[in-house]
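A short worksheet on the structure shown next.
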Amino acid sequence: ENELMLLNQRKERIMKRRMDGDMPQLCLQNSFFMGGIKIGWPYPVIMTPQRQMALHLVKALQNRMHVVLESPTGTGKSAAILCTTLAWQRHYAKTN
């Protein structure tokens, strides 16, 4: 019984670390806050269009709404969407 309890506690600790985003191999160089959510960033510079996309994404997620993002090629849409939604997922998992 004690072994099972210890095993479950160990699994919970591992899952908590994964949800916290403690993954040094990601090499997140920067982070910024948007709507109270810490967004890890894998590049040295966060471009203005990426910040704007993150703002709209966070607002939509907080309000359980859809969002349409349109931006020219090379403005970092994929990075902005992935980093923001993953940060939202971690934040939401911690608060619920």
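Sequence positions, counted from 1, serve as the residue numbers for this chain. Given the structure is predicted, the values throughout are model-derived calculations rather than measurements.
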Looking at [atom1] of [X] and [atom2] of [Y], how far apart are the two atoms once the value is rounded to the nearest 0.5 Å?
X: Leu82; Y: Thr84; atom1: CG; atom2: OG1; value: 9.0 Å
X: His56; Y: Arg51; atom1: NE2; atom2: CZ; value: 13.5 Å
X: Ile39; Y: Thr85; atom1: CD1; atom2: OG1; value: 9.5 Å

Please determine whether residues [X] and [Y] belong to a single hydrophobic cluster, defined as Ile, Leu, Val, Met, Phe, Trp and Tyr linked transitively by side-chain heavy-atom distances below 4.5 Å.
X: Ile46; Y: Phe33; result: no
X: Phe32; Y: Met47; result: no
X: Leu57; Y: Trp41; result: no
X: Ile37; Y: Leu69; result: no
X: Leu55; Y: Val58; result: yes

Ignoring hydrogens, what is the shortest heavy-atom contact between [X] and [Y]? Give both atom names and the distance.
X: Ser31; Y: Gly40; result: CB-CA, 4.0 Å
X: Met53; Y: Ala80; result: CB-CB, 4.0 Å
X: Lys38; Y: Ala87; result: O-CB, 3.4 Å

- request: Hey, can you tell me if Trp88 and His91 have their rings parallel, tilted or perpendicular (30° and 60° cut-offs)?
  value: tilted
Examine distances only and state if a side-chain atom of [X] and a backbone atom of [Y] form a donor-acceptor pair shorter than 3.5 Å.
X: Gln50; Y: Ile81; answer: no
X: Thr75; Y: Pro72; answer: yes
X: Asn30; Y: Pro44; answer: yes
X: Lys77; Y: Glu70; answer: no

